[in-house]
Structures are given as C-alpha cells and as structure tokens.
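Numbers here are sequence positions counted from 1. These values consider heavy atoms only, across backbone and side chains, with no hydrogens, waters or symmetry-generated copies. Numbering of ligands and ligand atoms starts at 1, following listing order.
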Amino acid sequence: MRAIEFAGAGGPEVLRIVDRPRPEAGPGEVLIRVAAAGLNRADVQQRRGFYAPPPGASDIPGLEVSGTVAALGSGVDRFEVGASVCALLTGGGYAEYVAVPVGQVLPVPVGMPTVDAAALPEVTCTVWSNLVMTARITSGDWVLIHGGAGGIGTMATQLVAAVGAHPVVTAGSGSKIEYCRSFGAEAGINYRDEDFVERMRVISGGHGADAVLDVVGAAYLDRNIRALAFGGRLVVIGLQGGATGELDLGLLMSRRARVIGTTLRARPAEEKARIVAEVAEHVWPLVEAGTVRAAVEARFPLERAAEAHEYFDSGEHTGKILLTM
Ligand SMILES: NC(=O)c1ccc[n+]([C@@H]2O[C@H](COP(=O)([O-])OP(=O)(O)OC[C@H]3O[C@@H](n4cnc5c(N)ncnc54)[C@H](OP(=O)(O)O)[C@@H]3O)[C@@H](O)[C@H]2O)c1
C-alpha cells in the first residue's frame with residue numbers, strides 16, 4: 001500500500017511516499033481502507049522530531065482517518081465490511097490502510113461525506129474529553145479558547161456553544177476572528193494586539209473564564225490563571241509557547257483554581273474507547289442535526305502531503321486540512 005513516512009526530522013521536505021505492507025486486522029481490530037486522513041499539529045511535531053510515536057505505535061504519521069471497513073479481526077461484532085467509518089488512531093493514518101482497535105472506530109455521521117469525517121475524531125475526542133469530561137463545563141460557563149480558528153478551536157467553539165456555555169476565542173487576525181464567529185464564538189480577541197486577560201473580564205461582565213482551553217503553554221501560564229474566574233479550570237493541551245513556566249501558587253489558591261494537562265495520543269486503548277463512546281453518544285447527534293460541523297477547509301491528495309504540511313506550517317490555514325487517498 002502507499003503510505004507517507006518521515007525520512008528524518010525537519011521540514012515538509014522529509015515527507016516521502018513509500019510502499020509499505022498492508023496491515024492486517026488483529027484480534028479486536030478493524031482494518032480500514034482509508035478515504036482521507038486529518039492533519040494535526042502533532043504530525044508536524046513528529047515530523048520535526050519533537051514528538052515520537054508512543055511505544056508500539058506505527059511510525060507512519062496520522063492520528064485520524066475516515067474510510068470503509070475492509071476486514072474485521074477476531075472478536076469484532078460491531079460494523080460490517082463495507083461500512084463507512086472514521087477512527088481515532090495512535091498513528092498510521094497517512095496510508096491506504098490502517099488497523100485500529102474497534103473501540104476507537106465510529107460510524108460516519110449520517111449525512112456527512114465519508115472523506116469529511118476524517119476531520120472529526122481527533123478534535124471531537126480532544127475537546128470533549130478535556131472540556132466536558134475533565135473540566136466539567138456546563139451551561140452558562142464562560143470558556144476561553146485559545147487558537148479559535150484552528151482545528152481544535154473550531155470544534156471547541158461549537159461544542160462549548162452546544163452545551164449552552166459562552167465560547168470566547170483568541171485568534172491572530174481580524175479575519176480569523178470573523179471565521180470563529182461563524183462557528184458560534186460570542187467574542188474574539190486578537191492575541192497579537194489585545195490583552196486577553198482584560199478583554200475576557202470585560203466580555204464576561206467581570207466574571208472571568210470558568211475554563212480556559214490552552215494550546216500555548218508556558219508563555220500564557222500566568223495570564224491564563226489571571227483570566228480565570230473563581231473555581232476556574234485551566235486545561236493545557238498544547239505547548240506552542242514552551243513547556244516550562246512560572247506558576248504563582250498564591251494566585252492559584254486565591255482563585256481556588258485548577259491546572260490540568262493532558263495528551264490524548266498516549267492514553268491506553270480502553271481510555272480512548274471510553275472517550276470515543278461518549279463522543280458517539282453526545283457529539284454525533286449534534287453533527288447529524290447540523291448543530292456541529294466539520295471545519296474542512298483544504299484537501300490535498302496523498303502524493304501532495306508535503307504541500308499540505310507546508311500550508312499547515314504557514315499558519316495561514318483555518319480549520320482542518322485533509323489528505324485524500
Ligand atoms: N493534548 C492533546 O491531546 C492534543 C490533541 C490535539 C491537539 N492538541 C494541541 O492543540 C493545538 C491545536 O492543534 P490543531 O491541530 O488544531 O492545530 P492548528 O489548527 O494549527 O491550530 C493551532 C492554533 O494555535 C493558535 N495559536 C498559535 N499561537 C498562539 C498564541 N500565541 N495565542 C493564541 N493562539 C495561538 C493558532 O492561532 P492563529 O492561526 O489564529 O494564529 C491556531 O489557531 C496544538 O498545540 C496541538 O498540539 C493537543
């Protein structure tokens with residue numbers, strides 16, 4: 001089968017199309033004939049040599065795919081061969097076939113083209129597990145989402161709105177803020193020239209953020225705590241601004257606040273299956289009702305994967321980028 005591998009660490013030039021053996025569906029696994037794979041920042045970090053696949057995971061990049069079921073491993077009684085599905089992976093998505101534990105497979109939402117469903121698993125599972133299952137956001141909460149125009153940000157905005165909370169986003173330009181508004185952002189803050197702590201207070205009528213979904217890390221640590229309301233939760237899921245910062249514990253205590261950090265990729269299969277099951281129960285009906293949509297903004301054929309990475313690196317993109325087979 002055709003697949004993409006990284007020939008060393010570096011820029012998009014290290015992407016190489018190669019011929020690899022087709023995987024087989026092991027016990028408890030589903031073999032998917034891939035229609036499309038979603039790009040994620042983790043793929044770029046892996047390409048640069050900063051994010052090695054967890055032990056046992058494929059060296060082929062790609063954390064999510066959509067496609068059709070090609071074969072079922074022993075013990076799998078969900079899904080039929082030929083069914084349209086999408087899946088959350090630990091790796092291996094940039095390829096024509098991938099085998100994945102059945103607990104990480106979801107049906108393609110009714111009414112959605114199979115290709116577009118590749119944009120859903122990573123962002124829905126990341127956002128739902130962090131904001132709903134962990135930070136426990138509820139109706140009426142104020143939620144600050146950093147990077148509102150990105151893949152994670154567009155889904156976070158929609159799911160925050162869907163639970164009846166108030167999504168406020170940061171983004172790097174006025175046009176990106178407008179884009180965020182089209183997903184339901186109640187307000188946008190341009191992080192390049194506005195103080196998000198001050199703006200978050202004003203926008204929320206002096207309350208602050210009940211939760212912050214952060215993709216920046218160290219560079220925002222202090223300001224994120226200052227942006228929190230009493231009892232607020234800071235959930236760090238990205239480190240684009242570094243990993244080591246100074247935390248004012250006095251401020252944390254006086255806010256009665258919590259700092260949480262998570263990664264999805266390295267979690268055990270059983271934990272991923274629990275998240276996927278919650279997403280199927282709570283998020284899929286929203287997608288099927290049209291309340292939540294996949295923010296697919298660009299598609300590149302597999303052989304142009306390096307170009308897709310170049311575009312991702314440019315930072316000009318919004319929403320999700322897909323590789324199609
Ligand atoms: N921990 C986990 O399990 C997990 C899972 C999935 C993703 N992630 C992380 O989530 C982040 C988003 O991933 P993605 O795939 O959605 O990437 P993406 O589409 O490229 O989004 C990156 C976003 O970061 C924003 N950003 C960059 N610098 C910023 C700053 N100083 N202030 C505010 N926003 C800033 C960008 O905003 P502009 O474009 O407006 O400049 C962009 O919206 C990444 O850091 C990724 O590693 C973590």
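Note that R47 lies outside the cation-pi zone of F312, set by a 6.0 Å cut-off to the ring centre and a 45° limit from the axis. Judged by a 6.0 Å distance limit and a 45° cone about the ring axis, R293 is positioned over the six-membered ring of F183.
Protein residues are said to neighbour a ligand when one of their heavy atoms lies under 4.0 Å from it; for ligand 1 these are N40, R41, E122, T126, G147, G150, G151, I152, T170, A171, G172, K176, Y191, R192, V215, V216, Y220, I237, G238, Q240, T262, T263, L264, F312, H317.
With sequence neighbours excluded, the residues satisfying side chain to side chain contact (heavy atoms under 4.5 Å, CB included) with V202 are E198.
The environment of R33 atom CZ is sparse: at most 12 non-hydrogen atoms of other residues, nucleotides or ligands sit within 6.0 angstrom.
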Q. For R299 and D116, what are the C-alpha separation, side-chain angles and deciding distance, and is it a salt bridge (charged side-chain N to carboxylate O under 4.0 Å, His left out)?
A. CA-CA 9 Å; R299 298 174 184 80; D116 288 3; 2.9 Å; yes
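If you look at Y191 and Y220, their ring centroids are not closer than 6.0 Å.
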